[in-house]
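This one's a predicted model, so the numbers in the text were calculated from it and none came from an experiment.
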Amino acid sequence: MTEQSPQHQPNRPTRQKAYSVVRDKTGLGAWFRFQWRFIYIASCTFGPASRQGTLDPRKQLQKERAVKLLEGYRNTGQQPPAELLAFTGL
C-alpha cells in the first residue's frame with residue numbers, strides 16, 4: 001500500500017490559522033502598517049523585557065492596532081472577527 005502525503009489525505013480535517021492582530025490589515029494604510037511594524041520590531045529588539053499586560057509596550061501596540069482594525073472593519077461595512085472583539089474587549 002502506498003503512503004500518501006498529509007496534504008492529500010481526503011478525510012483529514014483542515015486546520016484554520018488562528019486570528020492575529022499583527023497580520024490583519026483590514027482598513028489600514030500602507031504607511032501606518034510600515035510605521036507600526038517598525039515600532040513593533042524595534043520594541044521587540046531594543047525595548048524592555050516582557051512586563052505585565054498594562055506595562056508591556058508590545059501589548060499596548062497590539063491593542064492600538066486592534067482598535068484601528070475595528071474602525072477599519074466598521075468603515076468597510078464588514079463584521080469584525082470575534083477574536084478581534086474579544087481582544088479589544090468591546
Evaluation steps, side chain to side chain contact (heavy atoms under 4.5 Å, CB included), between K68 and W36: CA-CA 11 Å; K68 284 272 204 182; W36 188 89; over 6 Å; no
Shared hydrophobic cluster for F32 and V22 (ILVMFWY, side-chain gaps under 4.5 Å): yes
Same apolar cluster (I L V M F W Y, side chains within < 4.5 Å links), I41/L61: no
Candidate pair L70 and L85, rule side chain to side chain contact (heavy atoms under 4.5 Å, CB included), full reasoning: CA-CA 8 Å; L70 202 56; L85 293 172; 3.6 Å; yes
Any side-chain heavy-atom pair of V21 and K63 under 4.5 Å: no
Side-chain heavy atoms of Y40 within contact of R58, under 4.5 Å: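 When only atoms from C-beta onward are counted, R58 and Y40 do touch, with a gap below 4.5 Å.
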Reported OG1-to-CD distance for the pair T88 and E71, which is rounded to 0.5 angstrom: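 T88 atom OG1 to E71 atom CD measures 11.0 Å (nearest 0.5 Å).
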Approximate separation, where rounding is to 0.5 Å, of K59 NZ and E64 CD: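 Separation between the atoms: 13.5 Å.
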Heavy-atom pair with the smallest gap, counting every atom of F87 and A66: CD2-CB, 3.5 Å
Main-chain N/O of R33 paired to K25 side chain as donor or acceptor, under 3.5 Å: no
Side chain R65, main chain D24, donor-acceptor under 3.5 Å: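 Side chain of R65 to backbone of D24, a donor-acceptor pair under 3.5 Å: yes, one is there.
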